[in-house]
Amino acid sequence: MLRDITLGQYYPVDSPVHRLDPRVKILLTMAFIVCVFLVGSPLGYVPIVAYLALASHLARLPYKMMLKALRPLRILLVFTFVLNLFFGTGQTELIRVGFIRITQEGLLNAVHFSLRLIFLVTGSSILTLTTAPVTLTDGLERLASPLKIIRFPAHEMAMMMTIALRFIPTLAEEADKIMKAQSARGADFTTGSLRQRARALIPLLVPLFVSAFRRAGDLAMAMESRCYRGGEGRTRLNVLRIRRGDWLAMGSMVLLFAVVLLMKRYV
Amino acid sequence: MPITLEKVSHTYQAGSPFQATALHEIDLTIEDGELLALIGHTGSGKSTLAQHLNGLLQPTSGRVLLDGQDINRKDHNKRALRFQVGLVFQYPEYQLFEETVAKDIGFGPRNMGLSQQEVDDRVREAMDMLGLPYDEIAEKSPFELSGGQMRRVALAGVLAMRPRVLVLDEPTAGLDPRARDFLLNDVSRLHAGGTTVVMISHSMDDVARLATRVAVLAKGSLNMVGTPREVFSQVERLGAMGLDVPQASKLRWMLAKEGLALPECYLLDDLADALAAALKGGAPDAP
Ligand SMILES: Nc1ncnc2c1ncn2[C@@H]1O[C@H](COP(=O)(O)OP(=O)(O)O)[C@@H](O)[C@H]1O
Ligand SMILES: [Mg+2]
């Protein structure tokens with residue numbers, strides 16, 4: 001059960017989108033977000049939908065996976081929609097029941113802002129679904145490395161993130177095992193008052209922390225014995241390279257920008 | 001109180017891209033008072049099977065019966081089951097958490113809702129059974145103990161619930177030879193005292209010495225079940241699965257290939273007797 005969350009979002013298949021350079025994918029996602037914000041009317045989302053559909057098709061992602069990314073947002077979505085719908089300040093009245101009043105502008109805004117939210121989330125979920133977490137931090141490190149000039153510890157941050165990501169599944173597995181072991185001794189994690197349940201976590205948390213510290217010590221030792229001393233002068237096993245697919249992807253984004261801007265102007 | 005598995009299959013994370021079938025239609029009965037050894041390659045599903053015996057995992061299909069009752073039915077008391085079928089995980093010393101050894105061992109009995117007096121009695125009893133000196137270590141932190149002692153404290157934590165069936169997942173893994181002998185003697189003594197034991201092990205010599213029956217898992221399926229004699233005579237079949245046999249069985253098999261046939265045996269002492277008898281030219285005693 002715990003294993004389900006921890007593998008995170010990454011959907012491990014092989015596709016042209018999966019193979020893109022992570023730096024390019026991060027930049028493209030940012031560009032996509034800007035693009036979504038540029039859209040001026042619900043109709044303007046048509047090219048956005050087309051782009052998302054194409055990207056997820058190329059990435060061989062099932063639609064179910066992308067919808068799953070929206071689940072945590074469903075309350076916010078309803079909220080956005082309802083708020084815009086009932087508290088819009090437009091003139092053209094559509095319905096009026098007592099003090100409730102729905103205007104055409106309100107309705108349009110409600111649709112508009114909900115769609116914006118949906119596309120922002122699904123768009124960025126393509127990045128996390130198609131990029132393994134470690135590759136993602138690698139890309140982030142490379143993108144942030146110019147900041148080293150102002151003493152931003154890009155390598156150290158990335159290394160910390162990589163280690164954390166690497167150990168999340170391990171710790172989750174460990175937590176699962178300890179939970180089972182304590183259940184085998186009659187521990188009960190699911191019933192009782194909040195206080196009782198908080199207390200019931202002690203048999204889980206103590207061994208988990210002990211093991212996390214032990215692992216941290218082991219890892220530090222292993223890194224030192226292989227002469228790790230920070231990012232200075234370190235070379236890479238997998239050098240990131242911009243390839244043809246990356247150029248194509250960037251080209252497609254330029255195209256999306258052009259279409260969105262043109263539609264904003266003339267439609 | 002036999003435990004019966006009827007066509008038990010288990011698939012981890014069914015329906016996701018990570019789905020993995022760990023058990024496939026296992027039929028097996030664990031009889032009262034036996035010491036069943038479960039052997040198989042890493043990843044063959046031994047631990048998964050063990051966790052079905054006390055209801056920690058539920059079969060994806062099939063049933064697990066205790067005294068003829070399906071343990072995964074809603075009306076079956078899961079917690080009571082945990083106290084009857086004690087499961088000791090692999091590396092159980094990593095579950096210790098209390099401030100003192102006595103409190104940690106008392107965790108199970110306290111969860112059973114016993115009185116403080118009863119809990120104390122059971123802690124003493126469990127520590128005695130495993131040769132842990134109560135006066136010396138009961139008030140110590142479990143984290144101060146040696147590895148072998150920690151393992152026995154963890155085992156005591158399960159024994160203190162007085163389970164009728166004890167399931168041990170690789171109880172000797174990572175122990176030094178001395179601690180390992182201690183622990184195997186404990187297991188043997190518990191079994192002699194009437195507890196049903198299921199033991200997962202990679203050491204065929206330990207299995208040969210202790211088990212009354214051996215079950216072989218391969219890729220999630222039950223490949224062989226039988227007495228140690230029956231199973232360990234299949235040297236080649238086990239070898240094909242990447243499994244070892246006890247030293248005595250191996251030696252006997254090698255001698256047979258060289259033309260010296262000896263009666264079936266899997267313990268070194270028996271083999272020595274058989275060999276001595278054969279070399280003297282007389283018929284060997286019954287092994
Ligand atoms: N929590 C889990 N989630 C997914 N797969 C698992 C999990 N636990 C075990 N497995 C898989 O099930 C198979 C059997 O594992 P296990 O029962 O631990 O084998 P054994 O104890 O014989 O080494 C393995 O292929 C393993 O990768
Ligand atoms: Mg195992």
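Per chain, numbering begins at 1; letters A, B, ... match sequence-line order.
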Polar side chain donor-acceptor pair, Q19(B) to Q13(B), under 3.5 angstrom
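Their side chains do not contain a donor-acceptor pair, so the 3.5 Å distance test is not met.
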Tell me, for [X] versus chain A, whether the close heavy atoms (under 4.5 Å) come from the side chain, the backbone, both or neither.
| X | result |
| --- | --- |
| Y94(B) | both |
| L57(B) | side chain |
| Q51(B) | side chain |

Between [X] and [Y] (salt bridge meaning N to carboxylate O under 4.0 Å), is one present in this structure?
| X | Y | result |
| --- | --- | --- |
| R215(A) | E174(A) | yes |
| K177(A) | E173(A) | no |
| D246(A) | R23(A) | no |

What class does the angle between the rings of F119(A) and Y45(A) fall in, given that below 30° is parallel, 30 to 60° is tilted and above 60° is perpendicular?
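Correct class here is tilted.
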So for F209(A), is it side chain, backbone, both, or neither that comes closer than 4.5 Å to the heavy atoms of chain B?
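The answer is neither part of F209(A).
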Measure S183(A) against the heavy atoms of chain B and call it side chain, backbone, both or neither at under 4.5 Å.
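Contact with chain B involves both backbone and side-chain atoms of S183(A).
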Taking the side chain as every heavy atom from C-beta outward, state whether L61(A) and V17(A) have any pair of such atoms under 4.5 Å apart.
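The answer is no; the side chains never approach within 4.5 Å.
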Shorter than 4.5 Å, heavy atoms on both sides: which option in D104(B), L87(B), N54(B) has the most such pairs with chain A?
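If we count pairs closer than 4.5 Å to chain A, D104(B) comes out on top.
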For chain B, the option from A187(A), A181(A), P203(A) that forms the most heavy-atom pairs under 4.5 Å:
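Going by pairs under 4.5 Å, I would pick P203(A).
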